[in-house]
Amino acid sequence: MKILEFHRDDGSDRVTVACADREVSVHSHCSYCRHCAGVRVGRRTIPTPQRQALSGVRLGGNPDENLLNAAMMFNTLVRDGTAIECEDDAGEGFSSMYGR
């Protein structure tokens, strides 16, 4: 497990991290990546809401509403957080959690 520190753009709400060989947006990449394990907020790591919502969808939950709520929660965690916990120890980079 590695820690990817946030790089915030002061002029906007853009937050990026160094992923594999490039800088990527946390909102458009990490939030949908199967390697994203959680967001560091203070001393705690809070699990990625999208992972929890996706497992709920597989169990028969309401997919649209659950995934939308998870995305909003992820954005709140990023706003308050300092880093992403990433399970990509092999350095593969982004890998979508929705397709295998």
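The side-chain heavy atoms of I84 and V26, taken from C-beta on, include a pair separated by under 4.5 Å. The closest side-chain heavy-atom distance from C30 to V17 is below 4.5 Å. The side-chain heavy atoms of M1 and C86, taken from C-beta on, include no pair separated by under 4.5 Å. Inter-residue side-chain proximity for H7 and E23 is flagged as met; some heavy-atom pair is nearer than 4.5 Å. Between T16 and V24, the closest side-chain pair of non-hydrogen atoms is not below 4.5 Å.
The backbone N or O of R34 lies less than 3.5 Å from no partner atom in the side chain of S95, so there is not a single donor-acceptor pair. Put simply, the side chain of T48 gets close to the backbone of G38: a donor and an acceptor are under 3.5 Å apart.
Scanning for side chain to side chain donor-acceptor pair (under 3.5 Å) contacts around E5 gives an empty result, with sequence neighbours left out. By the side chain to side chain contact (heavy atoms under 4.5 Å, CB included) test, C33 pairs with H35, F94, sequence neighbours left out.
Note that CE of M73 and CG of N75 are 10.5 Å apart. Values are rounded to the nearest 0.5 Å.
Judged as a salt bridge (Lys or Arg N to Asp or Glu O under 4.0 Å), the pairs with a partner in residues 78-91 (not counting sequence neighbours) are, in order, R40-E85, R51-E87.
When the shell of 6.0 Å around CG of D9 is examined, it contains more than 12 heavy atoms from other residues, nucleotides or ligands.
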